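Only one structure is covered here, and it is reproduced in the block below.
What you are looking at is a predicted structure, and each value in this text was computed from that prediction instead of being measured. For the numbers below, each heavy atom of this structure counts, side chains included, while hydrogens, waters and symmetry mates do not.
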Amino acid sequence: MLEKRKILKLRTDDLVPPEEDRKVELHTFDVLLPCRRYDVSYKVAVLGQMSPTLEFLMRLVKSVDGIGEDEARQFFGYNRVEMEFVLGEGTTPGYIERRTNRLWLTTAGEALFSNGDDGPAIYSVENRRNSFGFDQLAIAPQTHMHLDQLEMNLPDLSLDVYKGGGRASKVVEDRFHYFFRELADREDRDRLQRRDLYAIGSAIPGDRFQVPVRIKVVAQASSPSVVEADLTSWRSDQEMSDRPEIEQAVGRFLSELRLPKKEAVDAHAYRLLTELAPDFFKEFTISSGLSIGRYWREAVSRAGEPRTDRQTIALVGSLLTQGNIERILRVVDYGLRQSEPPKMVLSVPPVTKHWGATTLLRDLNALIRMKLRHSDGDESSEPETCCVCTEKVPKYISSAFDNAVAVAYCTLPPSLEIYLMPGLAAVVLVHAPIGPAGMGAPAPLGFATFDPAVIRRIENLIGDEVVPRVNEDARRLAIERAIAPRAALEATVD
């Protein structure tokens, strides 16, 4: 057993040496957090205004109970008129009592010192009733927001760790007290007075709603298939410390990404990578195929940027990480220098859990369309985006593309992803676990290119393996028209 552990450790270190280890962003997902509005009635103690002269007088009387009026006047250096004015401030509301030319605090005056510091404070109690949003996992404040069609179809976070069971209203009352400062600042941000929660009446449940939560999935470069969530683009670490239930639900969501390693199927996908870009992969190809560990290590340690003399670059992580989106757009810019914009953008996604479950997919397609718009700026010249799935098309994918179709089967390996702008640029990724473990989250690995020869090979692959499976004749003809001329050109060149 000890010997086996040593072997696994050596194989893991082979990916990235400890001194070069770092966190790598692999995926981005948007998931829906269930929330609900609650109509909360409560009372707020609001700090009123007190003049400095009255505050100083009350401090003196509290320190020297029964002090003579003349002694107090001489202490502050007031004349008799000024003293009468200040005493009027204290006696009119009943905070100071005058008896036989001496001064005492009344019970009401003593109560003003009950806030724990040395100074008196005047409070008034106000009744309030407002509607507040709380998530249904941690029962923490959450602002309602409008969702578009794509966002409404994103995956949900489960309610398995719902805080409070069936006593939602009671839990909301407790959490309202805990988060009162945050809620009060949000509701009364235009008011300058200090506010303290005096009492909570009731919390009546109202409408349900959902908000998207962005999850960045990261992993250590030495263990790419062991992933963790980064939620800092949604909430700060300090805010997340009050929401452990949400972190637990996100952890369960990430566990759904785990899949078993399929050596033969994944080897086929990696072999296609090397066949599509043989010159790029020649340093990483061995007799059995692609040296995944060596290529992973190189891609992680030296994330390349496209250049005129570097037409193909390595990609680590999915198509939809922020860094990869920026790299892909730069690849498109270089491609536009040597080719006309295509009429179609074609995506063949991998068969992995929750692929494309983020608004970034729609945003990427929109950015690509804008870049490929003809110079006259006419929106009608933008290319059509099409997604060909090998399983049922989720609604969030349908909303991200102009057209999305499903095919009954496909001979391409399920871990392979292709994002193609015919004749211009392309991205090819393999979504498979990397490392010695038998199961793990997929660690996407591949390349982006504007190399015409590589693009023609990708078009041929799609023409042979994907287009014949498309059932809709009109859609099939459109795809064939988009890639057939380039495929014919390659045949002529060969």
Gap between atom OG1 of Thr308 and atom CZ of Arg337 - 0.5 Å precision = 6.0 Å
So, the side chain of Arg310 versus the backbone of Glu305: is there a donor-acceptor pair under 3.5 Å, distance only?
-> yes
Could you go through the side chain to side chain donor-acceptor pair (under 3.5 Å) check for Asn324 and Arg327 one step at a time?
-> CA-CA 5 Å; Asn324 282 347; Arg327 290 186 185 93; 3.1 Å; yes
In short, Ser339 meets Gly423 closest at the heavy-atom pair OG-O, 3.0 Å
Salt bridge (Lys or Arg N to Asp or Glu O under 4.0 Å) partners of Asp30, counting only residues at least two apart = Arg214
Atom CD of Glu459 and atom CG of Leu276: how far apart are they, to the nearest 0.5 Å?
-> 11.5 Å
Any Lys/Arg nitrogen of Arg294 or Glu283 sitting under 4.0 Å from an Asp/Glu carboxylate oxygen of the other?
-> no
Could you walk me through whether Leu412 and Thr390 pass the side-chain contact (heavy atoms from CB on, under 4.5 Å) check?
-> CA-CA 9 Å; Leu412 290 179; Thr390 56; over 6 Å; no
Give a yes or no on whether the backbone of Cys35 and the side-chain of His144 come within a donor-acceptor separation of less than 3.5 Å.
-> no
Nearest non-hydrogen partners of Gly133 and Phe209, listed with the distance = CA-CZ, 4.0 Å
Answer yes or no: is there a donor N or O on one side and an acceptor on the other, between the side chain of Arg36 and the main chain of Gly206, under 3.5 Å?
-> yes
Under 3.5 Å: donor-acceptor pair, side chain of Ser241, backbone of Gln238 = yes
Value for CZ (Arg362) from CD (Gln149), rounded to nearest 0.5 Å, stands at 10.5 Å
Kindly assign one of parallel, tilted or perpendicular to the pair Phe253 and His354, based on the angle between their ring planes and the thresholds 30° and 60°.
-> parallel
Hey, what's the ring geometry for Phe447 with Phe281, parallel, tilted or perpendicular (30° and 60° as the breaks)?
-> perpendicular
At their closest point, which heavy atom of Glu417 faces which heavy atom of Pro349, and how far apart are they?
-> CG-CA, 4.3 Å
Are Glu25 and Thr28 linked by a side-chain donor-acceptor pair shorter than 3.5 Å?
-> yes
Asn365 (side chain) donor-acceptor with Ala400 (main chain) under 3.5 angstrom = yes
Using modelled atom types only, decide if a donor and an acceptor are shared between the side chain of Ser131 and the backbone of Asp39 within a distance under 3.5 Å.
-> no
Verify, without hydrogens or angle tests, whether Arg369 (side chain) and Val345 (backbone) share a donor-acceptor contact under 3.5 angstrom.
-> no
Looking only at atom types and distance, does a side-chain atom of Trp296 sit under 3.5 Å from a main-chain N or O of Val316, one as donor and one as acceptor?
-> no
So CG of Asp279 and OG1 of Thr312: to nearest 0.5 Å the spacing works out to 8.5 Å
